[in-house]
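Notes follow once the structure below has been shown.
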Amino acid sequence: MGNKKRYYKALIEDNHQLNEIDLGEKLGLDENETREIIDLLLSEHKIEYVENRTCNYSLMKTSKRKNKSR
């Protein structure tokens with residue numbers, strides 16, 4: 001799904017400037033397509049819902065793994 005990758009990359013680069021629907025429209029997606037992509041990214045734990053921002057979704061913070069071989 002190329003649109004999902006494009007949307008995810010745009011979400012990273014947007015830095016909460018646009019809301020999630022406007023960001024999708026900027027990429028040529030309608031509201032339904034945008035919501036489907038958001039649902040997929042939420043289920044993959046790539047984004048999380050955060051209230052009180054321009055964009056209600058934020059990237060998930062990944063935990064850093066320690067190198068135990070040292």
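- Remark: Ile37 CD1 to Leu42 CG distance equals 12.0 Å, nearest 0.5 Å.
- Scanning both residues, Leu11 and Cys55, for their nearest heavy atoms gives CD1-SG, 3.8 Å.
- Here the closest non-hydrogen pair linking Ile21 and Glu31 is CD1-CG, 3.8 Å.
- Rounding to the nearest 0.5 Å places CD of Glu51 at 10.0 Å from OH of Tyr57.
- Considering all non-hydrogen atoms of both residues, Leu41 and Lys4 come closest at CD2-CG, 3.8 Å.
- Contact record, His45 with Met60: O-CG, 3.1 Å, taken as the closest heavy-atom pair.
- Although no hydrogens or angles enter the test, the distance criterion places a donor-acceptor pair under 3.5 Å between the side chain of Glu20 and the main chain of Asn56.
- Looking at heavy atoms from C-beta onward, Glu36 lies out of side-chain contact with Asn3 at the 4.5 angstrom threshold.
- If you take CG on Leu23 and CD on Gln17, they are separated by 11.0 Å, rounding to the nearest 0.5 Å.
- The CG atom of Leu40 lies 12.0 Å from the OH atom of Tyr7; values are rounded to the nearest 0.5 Å.
- To the nearest 0.5 Å, atoms CG (Asp14) and NZ (Lys26) are separated by 6.0 Å.
- Looking only at side-chain heavy atoms (C-beta outward), Glu33 and Asp30 come within less than 4.5 Å of each other.
- Considering CD of Glu25 and CG of Asn19, their distance stands at 8.0 Å, rounded to 0.5 Å.
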